Amino acid sequence: MNRSGPLALLHTSPLHIPVFDALRDEDHQGLELRHMVDEELLARARREGPAAVAGEVRAALDRAVADGARAVLCTCSTIGAVAEEAGAGEAGAGVPVLRVDRPMAAAAVAAGPRVVVVATSESTLEPTVALVEEEARAAGRSAQVRTLLVDGAWARFEAGDIDGYVRSVATAADSLTDADAIVLAQASMTPAQRLTTTAVPVLSSPRPGLAAGADAVRHG
C-alpha cells in the first residue's frame, strides 16, 4: 500500500466505523482511515431532502481536506449525490470525493436489466434509483429499476435492534425472485447479505466502495 495519505469517510452513523475498519483490515492493510460522523446530516436530509444539507456536506469535505485527506468516501446513500456534487468541478474539494454505492450500482447494471433497490429509509430510494439509472446510461445498458421499502425496519435500527433490522431486510430480499440483481441501498443493510437465501445476486456497498476509495488514495 502506498502510504500517500489518509482516506476520510463521511458517515451518518457511528455503526459504520467498525464495518469499514474491518474491511480495511481484510483488504487494504496499511490504508489510513479517518472517520467523520454527523448523524444530523441524515436526519435533516430525511426531513427536508438531501439538497438541504449541501452546505454542511461541503463544509465536512473542506475539513477533511484541511486535515490531509487524499480522498473522501461518503458512506451515506441518501447524501451521496450531494457529496459528489460538492466535490466536483473547479470549486470542488480538490481531492476525489466518492459515494460508496456507485461501484455497487455498476455491478447491479452489469448483472442484468431487472434491478430491485431495497431500502429501509425512504429518503434513500430516489437517490439510489437515480444512481443505478445513471450507471446504466454510462454503460449503454437498459435498466428496469423497481424499489422495495422494508416497512418498520428503520424504526428497529433507530431503537438499536440491529438483529431484527438485519433479519427484516433479509426476509424482504428473499421475497424477490423476478430480478437480475438486488441492491441493498444502505451500508447499514450489509449484514443481511449473509442471511439471504434467494438465488438472485444480493449486492451491498461497503466492500466495493472502500476499494474505490483506496484506489483514489493511491492514484487520485
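Numbering of residues begins at 1 and proceeds along the displayed sequence. All of these numbers come straight from a predicted model, not from anything done at the bench.
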Review item, side-chain donor-acceptor pairs of residues 183-203, under 3.5 Å, at least two apart:
residue, atom, partner, partner atom, Å
Q186, OE1, T120, N, 2.7
Q186, OE1, T120, OG1, 3.3
Q186, OE1, S121, N, 3.2
Q186, NE2, T120, OG1, 2.8
S188, OG, Y165, OH, 2.6
T190, OG1, A187, O, 2.8
Q193, OE1, S204, OG, 2.7
Q193, NE2, V202, O, 2.7
T196, OG1, Q193, O, 3.0
T197, OG1, D174, OD2, 3.2
T198, OG1, L176, O, 3.3
T198, OG1, V200, N, 3.2

D180 and V115, any side-chain heavy atoms less than 4.5 Å apart: no
Centroid-centroid distance, H35 to F20, less than 6.0 Å: no
Shortest non-hydrogen contact between V100 and P103, atoms and distance: O-CD, 3.6 Å
Chi angles and distances behind the side-chain hydrogen bond (donor to acceptor under 3.5 Å, both in side chains) call for T78, T124: CA-CA 5 Å; T78 296; T124 308; 2.9 Å; yes
Side-chain touch R99/L131, heavy atoms, less than 4.5 angstrom: yes
E126 atom CD, over 12 foreign heavy atoms within 6.0 Å: no
salt_bridge(R34, E32) N-O dist < 4.0 Å: yes
Heavy-atom closest contact (V97 atom, G87 atom, distance): CG2-CA, 3.7 Å
Heavy-atom closest contact (V95 atom, A69 atom, distance): CG1-O, 3.6 Å
L9 side chain reached by M36 side chain, heavy atoms, under 4.5 Å: no
Residue pairs, two or more places apart or on separate chains, that pass salt bridge (Lys or Arg N to Asp or Glu O under 4.0 Å) and touch residues 36-49: E40-R47, R44-E48, R44-E56
Pairs where residues 108-144 contributes a residue and the test ring pair (Phe, Tyr, Trp, His ring centres under 6.0 Å) is met, not counting sequence neighbours: none
Closest contact, heavy atoms only, A71 versus A216: CB-CB, 3.9 Å
R70 side chain near L7 side chain, heavy-atom distance below 4.5 Å: no
Side-chain polar contacts of residues 150-157 - donor-acceptor pairs under 3.5 angstrom, sequence neighbours left out - could you list them?
residue, atom, partner, partner atom, Å
W154, NE1, E158, OE2, 3.1

Short N-O contact, R63 and D67, less than 4.0 angstrom: no
Same cluster (ILVMFWY, side-chain, under 4.5 Å), L73 and L23: yes
Whether D101 side chain and M104 backbone form a donor-acceptor pair below 3.5 Å: no
Selection residues 200-212 - residue pairs positive for salt bridge (Lys or Arg N to Asp or Glu O under 4.0 Å), sequence neighbours left out: E26-R207, D27-R207
Connected via hydrophobic side-chain network under 4.5 Å: V116 and V169: yes
A45 to I79 - nearest heavy-atom pair and separation: CB-CG2, 3.9 Å
Beyond-backbone contact of L210 with L33, side-chain heavy atoms, under 4.5 angstrom: yes
Cluster companions of I17 among Ile, Leu, Val, Met, Phe, Trp, Tyr (side-chain spacing under 4.5 Å): V37
Whether Q29 side chain and D25 backbone form a donor-acceptor pair below 3.5 Å: yes
Pairwise side-chain contact, T75 with P206, heavy-atom cut-off 4.5 Å (strictly under): no
L148 with I182, same ILVMFWY side-chain cluster at under 4.5 Å: yes
For D178 against R114, the heavy-atom pair lying closest together: C-NH1, 3.6 Å
Side-chain touch I162/L15, heavy atoms, less than 4.5 angstrom: yes
